[in-house]
Amino acid sequence: MSSAVTKMAIVSEQHLSESPFLLSTMPAGRPEFYLAGSAILALIIALIVAAPYAREPLEGSSLLLPAYAAAVLVAELITAALLLALFSVQRSLAILILASGYLCSALLVVPWVLTFPGVFAPTGLLQSGLQSTATIAAVRRIEFPLLVVVYAFLNRPARDVYLDRFGSREMIFGTILALIVLAIAITLISLELSDALPTFMSDSRHVAETWDYVPALALFLQILAIMLLFTGRRSVLDIWLMVVICTVIVEVLLLSYLSAGRLSVGWWAGRLCGLASASVVLVVLLSETARLYGRLLRSHLAERRIREAQLVGMEALAASIAHEVNQPLASMVTNAAAGLRWIEREGGDLKQTKAALKRIVDDGHRAGMIIEATRSMFRKGARDRRRVSLNDIVLNALERARLDLRSGRISVRTELDRHLPSVTCNAMQMQQVVFNLIANAVDGMARTPESERVLTITSSFSHPGDALVRIGDTGSGIALTDKERIFEPFFTTKPNGMGMGLMFCRSVIEGHGGRLWATDNQPRGAVFHFTLPANDEDPSTMEQPS
């Protein structure tokens, strides 16, 4: 029992880790690509505009550094907190590493600004040396792109590690504690071992030749991170991380190659890019969280309305059945009592007893007809069957769905066997079945890029006596845990669905002696198959469905 529960929990976690509603797994659409491209273009323009003035000094601007550091600290801390919250849901090691990159950068900005010469003291606070600030800056410059590279390397379905065996709260607190200890250790090393540190600064304003290795290594890691992100999942989070890395690249170019040292125009332009890079993912996380929360709220309200409507409908149906069935049952009880009285009379009255029993039989048939009428509620006209062309039914259903297909920008491919035998069915019901399956395919491709939306419908002669129709899409497919439940009443994966469509389709198909089932499409999507018994007669004599 416990083993089964554990397996179910693991499946649930794996299913959740690939949820399309998580920012780290949600596929980026065309709007995200356009917006990210516009942001990168704006960065390039800003670099071109700032380049001619990059070497001009800005005296006295060191007073702005505390405000800049505070803004970066707040932005990176909130971003790290949101990423850790995402980790608590997804349990992905890649997300934990990315959150660690932001948190470590935020923690190191505090000693960086405290030791910066001329901000709080001529040589900086904490008894810092000439190389202390530059050493902390070098660690910040390298650790963030390095951890993004690790994140991008791991954030692939075949490589990512999900920490399901450990409590998320313990993992988060342990990570925060370890990063605080690491930040304190880096700060103490930069303060206490100042003489043993690499010579990054020749004076309080200008860098030494040794510093050139830091931006070069940072640029290498940043370019590698972009390549890995671009070839990975390309989720919404990945796309905006690419924008962040591009912003950091512009920052490095301005700080290390175009500026004239600290507190120049190029140096400050680079710092502003750094503030922007610290805020990009934060803004995306906040906006996407608000959007998803709104969707969740609307979905919850819609589901509650649907459930209430279902409950009212079931109550009304139950009351109607009880009212209708109660009458023949009461009559049966009355007639049975009368029959007993006729038998108990002296000599018995067989004629009256026989009449009472006949009325009981009639009432029993009446109750059965009421139940059968209730069962037939969703298959009106079930006995109105005739020989028709299944291909014509498919074409008529496609014509009904033409507007939906056009508005959804879906390409339609049909491969209908012209020699397919006719079938005997209720044309109206069968056309509704095909239309429902097409509508499900349209809904399933809502999140698919427009260029990849393809609806494929084929008909063929299956194993002896059956006509086979396949309706395939290139949508999100059917989750493994849902395949056995999609035909159950009231089960639905749509926010506004009632869970009756596929149940209706299966009931109609099986009522005609056929079978309906679903499989995975390749490389993506789902395929619904149904079979119907084919006729052996000449198909030229069959009727055309209306």
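The backbone N or O of T474 sits less than 3.5 Å from a side-chain atom of R524, completing a donor-acceptor pair. The backbone N or O of S422 lies less than 3.5 Å from no partner atom in the side chain of R387, so there is not a single donor-acceptor pair. Under a 3.5 Å cut-off, the side chain of R453 and the backbone N or O of G475 do not form any donor-acceptor pair. A donor-acceptor contact shorter than 3.5 Å links the side chain of S92 to the backbone of A94.
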Task: Worked check of side-chain contact (heavy atoms from CB on, under 4.5 Å) between L147 and L98 - done: CA-CA 6 Å; L147 292 183; L98 181 62; over 6 Å; no
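Residues that satisfy the side chain to side chain donor-acceptor pair (under 3.5 Å) test with E399, not counting sequence neighbours, are R402. For S476, there are no side-chain contact (heavy atoms from CB on, under 4.5 Å) partners at least two apart in sequence or on another chain.
A 4.5 Å side-chain heavy-atom check between T531 and W517 finds at least one atom pair inside the cut-off. By the 4.5 Å heavy-atom criterion applied to side chains, D238 and S235 are counted as neighbours. Counting only heavy atoms from C-beta outward, the side chains of W240 and L229 never approach each other to under 4.5 Å. H512 is listed as a side-chain neighbour of N426, based on a closest heavy-atom distance under 4.5 Å. Within the 4.5 Å cutoff, side-chain heavy atoms of F33 are placed close to those of R234.
When all heavy atoms are compared, the tightest approach of S459 to L416 is OG-CA, 3.2 Å. The shortest non-hydrogen separation linking I245 to V148 is CD1-CG1, 4.1 Å. Across all non-hydrogen atoms, the minimal contact from V527 to R470 is CG1-CB, 4.1 Å. Considering all non-hydrogen atoms of both residues, N521 and D473 come closest at ND2-O, 2.8 Å.
Counted within 6.0 Å of CZ on F230, heavy atoms from surrounding residues, nucleotides or ligands total 12 or fewer; the atom is thus considered open.
The salt bridge (Lys or Arg N to Asp or Glu O under 4.0 Å) pairs that include a residue from residues 415-432 number zero, where partners must be two or more places apart or lie in different chains.
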